[in-house]
**Q** 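So that we are looking at the same thing, I have put the structure below in structure tokens.
Being a predicted model, the structure only gives us computed values, none of them experimental.
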Amino acid sequence: MSEDQHPLPDPRPSARPGPDARPGSDAAPDPDAEPHAHPRTLPHPRPAAPRPAHPAPRPRPEPDAYLELLARGAAAEAYDRPVLLARAGGADAAALAELERAKQLALRVRAELEGRRRREAELSALFETAHDLAGLRDLDAVLRAIVQRARSLLGTEVAYLSLNDPVAGDTYMRVTDGSVSARFQQLRLAMGEGLGGLVAQTARPYVTDDYFDDDRFRHTRTIDAGVRDEGLVAILGVPLTLGSQVIGVLFAADRRARVFEREQVALLGSFAAHAAVAIDTANLLSETRAALTELERANGIIRDRSGVIERASEVHDRLTELVLRGGGVQDVVDAVSEVLGGTVEFTEAPRHRASADGRAVLRGADFTAAVSAGGEVFGALVLRGNARLDPVDRRTLERAAMVTSLLLLARRSAGEAEQRVRGELLDDLIDTPDRDLGLLEERAARLSADFDVPHVVLAARVDRPAAEEHARADRQRLWSAASHLAATRRGLASARDGGTVLLLPLRPGDTAAAAARRTAVDLGRTLRERVTVGASCAVEAPATRPAAIAPAYAEARRCLDALALLGRTGEGAAVEELGFLGLLLADTRDIDGFVDRTIGQVIAYDRRRGTDLVGTLDAYFASGMSPARTKDRLHVHVNTVAQRLERVARLLGDDWQSPDRSFEVRLALRLHLMAPALTR
């Protein structure tokens, strides 16, 4: 045996036990005991502590050594050393078992720590990727970062990303990291080929331990040559999806066989999701930039054409005024000639054939627009001396032709009999909507009324105090103007309930409220009086729903009454604009409930205390919500006004002066003060 070799200590005792040792004990007699001391002379003999025969005690294993290994992050192989040292030092079986348990626990802790470090690194990489997306400026830079992080965290030699090209119908490499083959980096392959084709087809991740021995996907010469040139063996691919559409594949690959764990597949899938978001975001940004560019171009066109549009607006206003004033065809011709800078003529037998659809067409050196209505051609407007019309001016000529046709139609249909026929049809729709639909459509066709388009029912009234004979004259004039307006707009009009009701078709993109306001202005300009117009909601295709006209008329009348109660005489509005107020004001049975819910506490307080908070509120609103002007109106001190308003706030809530609440309070206050008039 050499000097470097030390034999393991002999587990047997080096001396036999003395005569006083317990059976089975390996302890030797105490050499320090006095020679004359016999154990039997001791009153209570106890066994002496055993002393080893050799001077050095046997080493005892220390489980704390594993804590030191964990603390310094030692390799897994280092965890076997404490057990080997303990076994070499002669540790007993129990100690070795305890040390083995400590080793297994330490290895489990080490694996858990390694897993947490790995997850921390993965989460950090995903966070950085999300941060890159938040500040996306360069799509290629973000995709490169995603591919690089995927390669680093999965520990692969190569990572790459391919995208589908919907225009070319194939797939191409977008980003690679770790690749050394130019052929591989420039691969373009048909859809459905290779591992990527399998991933794109199933929208699920796929992994192969050995690419060339895997027959689950279709091998092609081009793909195999590129993969072989790169030297790849194990490949993992996950889909890049936007909704249900696969737009590409993210890959991680090694040049040796390996098994990708489930966590690695999930991690690469997370990076693929980020890549898909980045691509979608970049596409949205690109579309936004394109839209902004288009908007800027359109804005430039609008600026360039603003003068033309203003001229078109001017001619529209002038033509409308001409119609409402009862102007003739020559007035229209003169106005259009001035606007278009040429000579416009109306001819009943045009030299140039006009387009049947009313569009202005160029015939030789002249523009011609047909004047027609209901399929009947009355003639044409011919513009001479200006053969270069832009689209807006051409539309102006077409609109003038349409106005001319309406004037001619109105002149031909202006008789009293025509007005009565229109009124009778509207009355029948309101009073007996269950009449034969075919007969109603036939009557409407004779009046050039198109019941297949959306209509609106309008209730109009001249609201001004007048003697009975003047009021009757006002109603007659209103009916006449409304009938003329309805005839020019291919609608119906009738005198009912002290006012006039109109059934007019809605223009494309028009609303009932806009039609009401426009009608109020047109009738008021014709009569030179303030005309209030209430409109119903739109009635879709009266030809198929004639029963909807009667409730629509009732709705229009409720709106008309609501406008009067609100002090908005001379205006036009629709029920849809008034919301719940229109429904409330149209039915006085619920007024008391509304007043009680809104200012009932103030009214009750006045009744209990004999105060006049209601009068204070009325003066406050009448003074423009100014306490200073209110005190002048009430002839009290401004502090008194402030105290009363403070009391009102305690009764109604601090937000009673907000726009919505103050409107309701004012409305309830007015209804409360008008209650005697409403009940008469």
Side-chain angles (χ1 to χ4, degrees), residues 115 118 122 125-126 129 143-144 146-166 168-276 278-279:
R118 184 172 62 253
E122 294 170 359
L126 291 175
T129 302
L143 295 181
R144 278 195 300 272
I146 291 174
V147 171
Q148 290 169 359
R149 288 167 188 153
R151 177 193 173 196
S152 174
L153 287 178
L154 268 67
T156 58
E157 296 172 286
V158 182
Y160 52 99
L161 183 148
S162 67
L163 291 179
N164 298 341
D165 188 344
D170 61 4
T171 302
Y172 66 96
M173 288 290 184
R174 179 63 183 269
V175 181
T176 63
D177 187 62
S179 172
V180 296
S181 169
R183 177 189 296 180
F184 181 80
Q185 296 169 11
Q186 298 172 5
L187 271 179
R188 292 189 75 98
L189 48 143
M191 303 293 288
E193 296 179 347
L195 177 64
L198 184 61
V199 173
Q201 184 178 19
T202 61
R204 296 174 55 188
Y206 272 87
V207 61
T208 178
D209 299 333
D210 192 333
Y211 176 86
F212 293 98
D213 290 338
D214 198 333
D215 57 358
R216 291 176 300 170
F217 45 86
R218 182 157 56 97
H219 290 266
T220 66
R221 181 179 303 174
T222 302
I223 303 175
D224 288 353
V227 174
R228 186 176 290 107
D229 200 20
E230 190 64 52
L232 301 181
V233 177
I235 303 176
L236 164 63
V238 296
L240 276 70
T241 58
L242 287 177
S244 60
Q245 180 184 7
V246 178
I247 63 171
V249 181
L250 179 61
F251 298 89
D254 262 337
R255 296 185 176 92
R256 54 182 174 79
R258 69 171 285 181
V259 176
F260 289 92
E261 300 174 357
R262 182 177 299 176
E263 293 80 6
Q264 293 174 320
V265 176
L267 176 62
L268 194 64
S270 298
F271 280 112
H274 281 300
I279 294 169

**Q** Answer yes if the side chains of Thr171 and Asn164 hold a donor-acceptor pair under 3.5 Å, and no otherwise.
**A** yes
**Q** Measuring from atom CD of Gln186 to atom OG1 of Thr176, what distance do you get when rounded to the nearest 0.5 angstrom?
**A** 10.0 Å
**Q** Please check if the side chain of His274 supplies one atom and the backbone of Leu143 the other of a donor-acceptor pair under 3.5 Å.
**A** no
**Q** Take Tyr206 and Phe260, measure what ring pair (Phe, Tyr, Trp, His ring centres under 6.0 Å) needs, and give me the verdict at the end.
**A** CA-CA 10 Å; Tyr206 272 87; Phe260 289 92; over 10 Å; no
**Q** Is the shortest heavy-atom distance from the side chain of Val158 to the side chain of Leu232 under 4.5 Å?
**A** yes
**Q** Measure across Ser179 and Arg255 and return the closest heavy-atom pair with its distance rounded to 0.1 Å.
**A** CA-NH2, 4.5 Å
**Q** Side chain of Ser152, backbone of Gln148: donor and acceptor closer than 3.5 Å?
**A** no
**Q** Would the distance check show the side chain of Ser270 and the main-chain N or O of Ala266 forming a donor-acceptor pair, the cut-off being under 3.5 Å?
**A** yes
**Q** Closest heavy-atom contact between Gly196 and Val249?
**A** O-CG2, 3.7 Å
**Q** So, Asp224 and Arg228, do they make that salt bridge, N to O below 4.0 Å?
**A** no
**Q** Identify the heavy atoms of Tyr160 and Val147 that sit nearest to each other, and give their distance.
**A** N-CG1, 3.9 Å
**Q** Testing Val265, Leu268, Asp254 one by one against Leu154 for a side-chain contact (heavy atoms from CB on, under 4.5 Å), which residue passes?
**A** Leu268
**Q** Is a donor on one side and an acceptor on the other found under 3.5 Å between the side chain of Thr220 and the backbone of Ile223?
**A** yes
**Q** Does the cation-pi check pass for Arg174 over Tyr172, that is, NZ or CZ under 6.0 Å from the six-membered ring centre and within 45° of its axis?
**A** no
**Q** Could you tell me whether Arg151 and Glu157 make a salt bridge, using a distance below 4.0 angstrom between a side-chain N and a carboxylate O?
**A** no
**Q** Determine whether Phe217 and Gln201 make a side-chain contact, defined as any pair of heavy atoms from C-beta on separated by less than 4.5 Å.
**A** no
**Q** Looking only at non-hydrogen atoms, find the nearest pair between Val180 and Glu230 and report the distance.
**A** N-OE2, 2.9 Å
**Q** Check Gln264 against Arg258 and note the closest heavy-atom contact, atom names and distance.
**A** NE2-NH2, 3.1 Å
**Q** Given side chains that start at C-beta, do those of Asp214 and Phe212 come closer than 4.5 Å, heavy atoms only?
**A** no
**Q** Around atom CZ of Arg216, are there more than 12 heavy atoms from other residues, nucleotides or ligands closer than 6.0 Å?
**A** yes
**Q** Would you mind listing every salt bridge (Lys or Arg N to Asp or Glu O under 4.0 Å) that reaches into residues 181-206, with sequence neighbours excluded?
**A** Asp165-Arg188, Asp170-Arg188, Glu193-Arg218
**Q** Using the test side-chain contact (heavy atoms from CB on, under 4.5 Å), find all partners of Val246 that sit at least two apart in sequence or belong to another chain.
**A** Ala200, Ala203, Pro239, Thr241
**Q** Between Val238 and Val199, does a side chain to side chain contact (heavy atoms under 4.5 Å, CB included) hold up when you go through it step by step?
**A** CA-CA 7 Å; Val238 296; Val199 173; 5.7 Å; no
**Q** Decide yes or no on side chain to side chain contact (heavy atoms under 4.5 Å, CB included) for Thr222 and Leu189, but give the supporting numbers first.
**A** CA-CA 8 Å; Thr222 302; Leu189 48 143; 5.9 Å; no
**Q** Side chains of Asp229 and Phe184: does their closest heavy-atom pair fall under 4.5 Å?
**A** no
**Q** Measure up the Tyr211 and His219 rings against each other and bin them: parallel (under 30°), tilted (30 to 60°), perpendicular (over 60°).
**A** perpendicular
**Q** A side-chain contact here means heavy atoms from C-beta on lying under 4.5 Å apart; do Leu163 and Leu240 qualify?
**A** yes
**Q** Check Thr156 against Ala253 and note the closest heavy-atom contact, atom names and distance.
**A** CB-O, 3.3 Å
